[in-house]
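The structure appears right after this line, and notes come after that.
Since we're looking at a predicted model, the values are computed, not measured. By convention here, the first residue in the shown sequence is residue 1.
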Amino acid sequence: MSEPISALNHASYEGIAKVEECGLQGMITLRGDLSDKVLAKAVKDATGQKVPGQRQALVNGDTGVCWMSTDELLVLVPYTEVEAKLAAMINALSGTHALAVNVSDARAVIRISGGSAREVLGKVAPVDFAEDAFQPGQIRRSRLAQVAGAFWMDDAETFRVVCFRSTADYVFKLLKVAAQPGGEVGVY
């Protein structure tokens with residue numbers, strides 16, 4: 001059996017902000033009634049977190065849960081635990097109208113960190129990244145230039161971006177160009 005590899009083999013670039021692929025991340029797409037107590041317990045058992053509210057990301061390291069839409073969550077678990085967590089989740093949701101799918105190998109995660117992280121992401125996504133408009137614990141699904149993505153803040157200077165694995169190289173290069181020295185705009 002072959003060993004899993006990340007989309008960008010831990011690519012990294014340091015400019016006005018650091019842009020780096022995070023490596024393998026366990027990800028489960030969970031769809032269902034987010035107010036359902038059975039679903040909430042399955043999320044809590046898998047992550048230790050409650051079901052997040054609209055545009056919330058409750059993430060600690062490689063474990064957490066992100067609100068993706070009115071009936072969808074992105075459940076984050078360590079990559080090595082995703083199959084066991086998914087099986088437990090499916091078992092817990094038995095008899096409940098819900099769908100849980102391992103999407104780990106279909107996605108890539110890129111971190112943007114440093115004092116200019118807001119500026120770098122602000123160049124490629126149509127979102128207000130001012131400190132009073134976008135804060136740690138919030139998530140957005142949006143565009144990253146020409147492709148879909150989602151992003152949240154781990155802390156005041158760190159974003160994590162999730163995109164399709166098939167667009168990871170494009171997104172990394174896009175962020176790398178946005179982070180080049182001399183490209184400062186000074187908006188955030």
Side-chain angles (χ1 to χ4, degrees), residues 4 6-7 20-113 117-118 121-122 125-144 148-165 171:
S6 65
E20 60 190 324
E21 188 211 20
C22 294
L24 299 172
Q25 170 68 62
M27 291 182 256
I28 299 168
T29 291
L30 176 60
R31 298 201 72 144
D33 179 354
L34 303 187
S35 66
D36 186 284
K37 289 182 170 122
V38 174
L39 185 139
K41 184 174 181 339
V43 168
K44 180 83 167 173
D45 290 347
T47 67
Q49 298 285 352
K50 65 180 183 173
V51 171
Q54 185 178 28
R55 291 191 301 268
Q56 274 190 316
L58 306 174
V59 181
N60 184 13
D62 59 359
T63 304
V65 60
C66 302
W67 182 92
M68 299 301 277
S69 75
T70 57
D71 69 346
E72 181 181 355
L73 300 174
L74 179 63
V75 178
L76 304 171
V77 297
Y79 186 83
T80 57
E81 298 175 17
V82 70
E83 289 300 330
K85 297 279 187 177
L86 177 62
M89 188 174 284
I90 290 171
N91 185 51
L93 293 168
S94 178
T96 301
H97 183 72
L99 171 71
V101 178
N102 179 357
V103 296
S104 306
D105 294 326
R107 307 282 190 269
V109 183
I110 298 169
R111 180 180 299 111
I112 308 165
S113 59
R118 289 176 186 272
L121 195 52
V127 172
D128 183 356
F129 289 107
E131 287 183 31
D132 62 341
F134 198 97
Q135 300 173 358
Q138 295 181 323
I139 187 168
R140 295 292 187 280
R141 288 177 83 167
S142 188
R143 307 295 294 170
L144 302 165
F151 37 84
W152 66 90
M153 294 187 81
D154 287 325
D155 59 49
E157 293 188 348
T158 308
F159 286 90
R160 270 195 275 176
V161 176
V162 175
C163 63
F164 289 110
R165 183 182 182 103
V171 171

Could you check whether atom [atom1] of [X] has more than 12 heavy atoms from other residues, nucleotides or ligands sitting under 6.0 Å from it?
| X | atom1 | value |
| --- | --- | --- |
| Tyr79 | OH | yes |
| Gln54 | CD | yes |
| Asp33 | CG | yes |

Does the side chain of Val162 come within less than 4.5 Å of Trp152's, by heavy atoms?
yes
Would you call Pro52 and Cys66 a side-chain contact if the rule is heavy atoms closer than 4.5 Å?
no
If you measure from [atom1] on [X] to [atom2] on [Y], what distance do you get to the nearest 0.5 Å?
| X | Y | atom1 | atom2 | result |
| --- | --- | --- | --- | --- |
| Ile112 | Asp154 | CD1 | CG | 11.0 Å |
| Phe159 | Met153 | CZ | CE | 4.0 Å |
| Phe129 | Gln135 | CZ | CD | 13.0 Å |
| Thr158 | Arg118 | OG1 | CZ | 10.5 Å |

Answer yes or no: is there a donor N or O on one side and an acceptor on the other, between the side chain of [X] and the main chain of [Y], under 3.5 Å?
| X | Y | result |
| --- | --- | --- |
| Glu21 | Ala108 | no |
| Thr47 | Gln49 | yes |
| Glu72 | Thr29 | no |
| Arg140 | Asp128 | no |

Assess the residue pair Leu99 and Leu93 against the criterion (side-chain contact (heavy atoms from CB on, under 4.5 Å)); give the C-alpha distance rounded to whole Å, side-chain angles, the decisive distance to 0.1 Å, and a yes or no.
CA-CA 8 Å; Leu99 171 71; Leu93 293 168; over 6 Å; no
Run the side-chain contact (heavy atoms from CB on, under 4.5 Å) test on Leu74 and Ile139 for me, step by step, so that the C-alpha distance in whole Å, both residues' side-chain angles and the decisive distance to 0.1 Å come before the verdict.
CA-CA 11 Å; Leu74 179 63; Ile139 187 168; 5.9 Å; no
Do Glu83 and Asn102 get their side chains close enough for a donor-acceptor pair, meaning under 3.5 Å?
yes
